[in-house]
Asker: 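Just passing along the structure, written as structure tokens.
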There are 2 protein chains.
Amino acid sequence: MSIENEIAAPHLKDDGQRHRAADNVFQHVVELIDSGVLAEGAPLPSEREISETCAVSRTVVREAVLALSNKGLIDARPGYRPIVRKANYDTAFETVDSVVSRLLMQPGGIRNLFDTRIMIEASLVRQAAAEAGKNDIAALQNALNANEAAIDDSERFYQTDIAFHAALFEVPQNPLMPAIHKAYTSWLAPQWSRMPRLPDRNRSNFIAHKEIFDAILMRDPDRAEQALRNHLAAAWTQVEQSFDES
Amino acid sequence: MSIENEIAAPHLKDDGQRHRAADNVFQHVVELIDSGVLAEGAPLPSEREISETCAVSRTVVREAVLALSNKGLIDARPGYRPIVRKANYDTAFETVDSVVSRLLMQPGGIRNLFDTRIMIEASLVRQAAAEAGKNDIAALQNALNANEAAIDDSERFYQTDIAFHAALFEVPQNPLMPAIHKAYTSWLAPQWSRMPRLPDRNRSNFIAHKEIFDAILMRDPDRAEQALRNHLAAAWTQVEQSFDES
DNA sequence: TGCTTCGTTTGGTCTGACCAAAACAGATTA
DNA sequence: TAATCTGTTTTGGTCAGACCAAACGAAGCA
């Protein structure tokens, strides 16, 4: 109870940067995670314990834990012990969720997001048309079949629709892409859900999917891109209509 | 001092969801911002004041403020009054910064991110080639000129290089795109900065820029995309080399 | 073995206090 | 009058100790 007190010594204003004590605790926990002392899924030490080992008050520990939670490094459901969370690409998008939803509120926000999606997915289908392997084709075929089988069940159609696009995002075998797709669907879902589900719309959407797939099969990037753009443009029109109605 | 106490009443376990008191304060401040009571750039009420109006302790207010800060809704430099921050697309990317940097550490992380950039920018130059307006062309031409003029000044070349790509991201007139570009450059900058700056590399990079620009000028999407891909692939090779050396 | 029970741990909140830095207002000076 | 210095007040950052309710865990019971 003599050595470790240096840490708590509050008299020195650290060189250039402002360091709140919470930042140190934050860093400390991060290092625990990086060094493997705290494995993925493991619960953090209790707040009281951390406050002891870091020689700070529990207030500070709470701040650090909250920051950890907000940054998606740990999973802190209220009432439960915080759990160390593996840093994957999905969590990155989840942490921006609240900001994004605010951005989508402002005029044109949804359109802007949707446009980037068109952009990415256009590039995606081009690439798929150029270099999709057998497995990719098979996955797309399966997704397409499931989509066709669900034409009369709007709820299932919605799911298989998403799954078809998801299959596209799998083609580059880049773990970022599925995360991006997930983010798009979750952010744009509120707009989709207000659309009426009509079987003939399902049919036309399925046809659009099929055109994309066929173009990929024929290794025709231009046609694939065009089909994709038509498809998404049509989807946007439907969303806009449901906006006008409300 | 009688009515508002209902809020503080801690006896009822709210229906389904867990609500920490901090969430209420969080929400309260968010509404203050949305309703315009707190304009952009305005300082928040003091913690003590908020704790009074919300009938909670300062502890809770601090937690809420910290959460606001972590989500990028306010700008809370330590020691200063928190400032309401306009929700723009840049802040969205900034809030993921710490998570992303951790993701980039893991094997292949940088490559995966870089690949998505190639994807987006490929789509970008295609679009530019297809529908860039006079202003876009002029902006690109200016950026290209500045780039050429800086060939012998590696530091300035680096800046104009970024500026050229930035001009590309401006073409769609989608406010998300410049933010995306900014995020890419800031995340990939650490890799770039370790590269040796050689004038002949500058020259070849400039030539690559010129090829992209010329293809756009000739409204040739395929050539533009190919030039862009070659350019970025070469850039990646350079990065890889500097990796091997270290 | 499976389930209930009851003390313990732990997160969430509150109170009240202290310090140093920032903001402010007033006096002083150029 | 404008700029500067100075002292007071406000405010954020931190601490200590306390209470509650829910989660946890182990002992006890069926």
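In the text below, chain A, chain B and the rest are named by the order of the sequence lines, each starting its count at 1.
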Asker: Nearest-Å distance, CD1 (Ile50(A)) to C1' (dG11(C))?
Answerer: 12 Å

Asker: Can you tell me the distance, in whole Å, between the CG atom of Asn24(A) and the P atom of dC15(D)?
Answerer: 11 Å

Asker: Output all residues satisfying side chain to side chain contact (heavy atoms under 4.5 Å, CB included) with Ser57(B), sequence neighbours left out; order by chain, then residue number.
Answerer: Thr59(B), Val60(B)

Asker: Atom CD of Glu47(B) to atom C1' of dT14(D): distance rounded to whole Å?
Answerer: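 Interatomic distance, CD of Glu47(B) to C1' of dT14(D): 11 Å.
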
Asker: Distance-only check: which donor-acceptor pairs under 3.5 Å involve side-chain atoms of residues 63-76 of chain B, not counting sequence neighbours?
Answerer:
| from | atom 1 | to | atom 2 | distance (Å) |
| --- | --- | --- | --- | --- |
| Glu63(B) | OE2 | Arg62(A) | NH1 | 2.2 |
| Asn70(B) | ND2 | Leu66(B) | O | 3.4 |

Asker: Side chain of Arg81(A) only, heavy atoms from C-beta on: which candidate in dG12(C), dG12(D), dG11(C) is closest?
Answerer: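 Selected nucleotide: dG11(C).
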
Asker: Does anything in residues 57-76 of chain B come within less than 4.0 Å of DNA chain D? Heavy atoms only, and list the residues if so.
Answerer: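 DNA chain D contact set from residues 57-76 of chain B: Arg58(B), Arg62(B).
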
Asker: Can you measure Arg77(B) atom CZ to dG13(D) atom P for me and round it to whole angstrom units?
Answerer: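 After rounding, the gap between these two atoms is 12 Å.
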
Asker: Enumerate the residue pairs fulfilling ring-ring contact (aromatic ring centres under 6.0 Å, His included) with a member in residues 85-121 of chain A, sequence neighbours excluded, ordered by first and then second residue.
Answerer: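 Counting only pairs at least two positions apart or across chains, the ring-ring contact (aromatic ring centres under 6.0 Å, His included) contacts touching residues 85-121 of chain A are Phe114(A)-Trp236(A).
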
Asker: Just grab all the ring-ring contact (aromatic ring centres under 6.0 Å, His included) pairs involving residues 161-185 of chain B, residues at least two apart or on different chains.
Answerer: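 Applying ring-ring contact (aromatic ring centres under 6.0 Å, His included) to every pair that reaches into residues 161-185 of chain B, excluding sequence neighbours, yields Phe164(B)-His209(B), His165(B)-His209(B), His165(B)-His231(B), Phe169(B)-His181(B).
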
Asker: Pick the nucleotide of DNA chain D nearest each of Tyr80(A) and Arg48(A); which residue has the one closer to the 5' end?
Answerer: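 Its nucleotide being nearer the 5' end, the pick is Arg48(A).
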
Asker: Among Ile162(A), Ile180(A), Asp161(A), which residue meets the side chain to side chain contact (heavy atoms under 4.5 Å, CB included) test with Thr185(A)?
Answerer: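 Output: one option passes, namely Ile162(A).
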
Asker: Rounded to whole Å, please give me the gap between CD in Glu52(B) and C1' in dT10(D).
Answerer: 14 Å

Asker: If the condition is side chain to side chain contact (heavy atoms under 4.5 Å, CB included), which residues does Asn135(B) pass it with, not counting sequence neighbours?
Answerer: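 With sequence neighbours excluded, Asn135(B) shows a side chain to side chain contact (heavy atoms under 4.5 Å, CB included) to no residue whatsoever.
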
